[in-house]
Amino acid sequence: MKMISRIPLPKLLKCILRQLLCLFAIMAYTYGVTHGSVLKLSSDILFQAECYHYLFDAAAIKLHHLGLDWSTPDHGPIQNVKGFSSINSVIKRVATKVGTVDSNFKLQPYPRCIVLDIEGTTTPISFVTDVLFPYARDNVGRHLSATYDSAETQDDIKLLRSQVEDDLKQGVLGAVPIPSEDAGKEKVIASLVANVEAMIKADRKITALKQLQGHIWRTGFENNELEGVVFDDVPEALEKWHALGIKVYIYSSGSRLAQRLIFGNTNYGDLRKYLSGFFDTAVGYKRETRSYVEITESLGVDKPSDMLFVTDVYQEATAAKAAGLEVVISIRPGNGPLPENHGFKTINSFLEI
Ligand SMILES: CSCCC(=O)C(=O)COP(=O)(O)O
């Protein structure tokens, strides 16, 4: 309202008229009105309008609620859409052209796709450190004993052994030797528990730990002992982006299994329908530029700058920026401090994107 009150009346009326025309154009496309003049009029309006985003968002979300979802149902690569080969392609082109209006009333286009970090971005850090990590720490021994002979747990143990061997060579604090199988299951488990506890305490983002944690948390979610937590603005933003045809991906140090468990069982229900994919440390560590190159190549984006990465961690932001991604830093209650003059745009809510 504050922003609207600063806009001169003629400009505001012109803007509202454009928004109404835009809404008409979207409805015309969605309901399949293909008459040439309507098509021409609609596309002209759609490509010239500068301030229609509020109605556009509302219309897209409304249509989505009505089951008229015009966003792409496929998971194909994110590309620059050229030409008017179909109504859907026109709409997709329009969707990726519109954006939000910033405080100077300038149009900021929406990104073509968005990659989200979890801890400190979609989800409070306290949920990870005060709920998930203690659950893993308290249940690691029980989990290993109960599942010791399964192929999954044997694979987890193999990864942990290899990680601990490296840690011992490098003198990592808390690493203790894991005896061979001959020493017996109990001794092996006791040393694994000691290593895992030290890894959790140090908040290490290593695949060996994250894979095991995902398997332990799965039991917690299955038994309703755990429920995923997201900030209040997250479901609304995900729904909006989905309705606009913007694909959203998760990139977290937590395993893909853990990511699916959290977003499949949140305080707002199952949010996975808004997510097009999950990336974990299998593509590389989050502070390494190569990981973001890997993600853009996996998704087949034309330009890395078509992708927006949202994180709370400065080192992740700089790594993604070096790969050419657009980056914003998420400021959430409980997040750590950022370096002064970090130079990144910051947001307090996804609704600012
Ligand atoms: C899959 S969520 C579990 C959180 C987790 O284990 C973690 O280390 C958080 O890492 P992020 O990269 O999301 O900050």
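Just follow the structure's listing: the first ligand is 1, and inside any ligand the first atom is 1. Since the structure is predicted, the reported quantities are computational estimates derived from the model, not experimental observations.
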(request) Take atom NZ of Lys273 as the centre, draw a 6.0 Å sphere, and report whether it contains more than 12 heavy atoms from other residues, nucleotides or ligands. (result) yes

(message) Counting only heavy atoms not in Lys187 (residues, nucleotides, ligands), do more than 12 fall under 6.0 Å from its NZ?
(response) no

Backbone or side chain, does any N or O of [X] fall under 3.5 Å from an N or O of ligand 1?
| X | result |
| --- | --- |
| Gln259 | no |
| Asp203 | no |
| Trp217 | no |
| Ser253 | yes |
| Lys210 | yes |
| Asp117 | yes |

(request) State whether a side-chain donor-acceptor pair under 3.5 Å links Arg332 with Asn335. (result) no

(request) Check the side chains of Asp166 and Gln170 for a donor-acceptor pair under 3.5 angstrom, ignoring hydrogens and angles. (result) no

Salt-bridged, [X] to [Y], with N to O below 4.0 Å?
| X | Y | answer |
| --- | --- | --- |
| Glu294 | Arg290 | yes |
| Lys240 | Asp233 | no |
| Asp155 | Lys158 | no |
| Glu316 | Lys286 | yes |

(message) Is the terminal nitrogen or CZ of Lys205 (NZ for Lys, CZ for Arg) located under 6.0 angstrom from the six-membered ring centre of Tyr285 and within 45° of that ring's axis?
(response) no

At a 4.0 Å threshold, what atoms of ligand 1 neighbour a non-hydrogen atom of [X]?
| X | result |
| --- | --- |
| Lys205 | 7 (C), 8 (O), 9 (C), 10 (O) |
| Lys286 | 11 (P), 12 (O), 13 (O), 14 (O) |
| Ala258 | 1 (C) |
| Ile118 | 1 (C), 2 (S), 13 (O) |

Taking [atom] as the reference point, the nearest protein heavy atom with its distance:
| atom | result |
| --- | --- |
| atom 4 (C) of ligand 1 | Val128 CG1, 3.9 Å |
| atom 9 (C) of ligand 1 | Glu119 OE1, 3.0 Å |
| atom 2 (S) of ligand 1 | Ile262 CD1, 3.2 Å |
| atom 1 (C) of ligand 1 | Gly254 CA, 3.5 Å |
| atom 13 (O) of ligand 1 | Ser252 OG, 2.8 Å |

(request) Verify whether the ring centers belonging to Tyr251 and Tyr292 lie closer than 6.0 Å. (result) yes

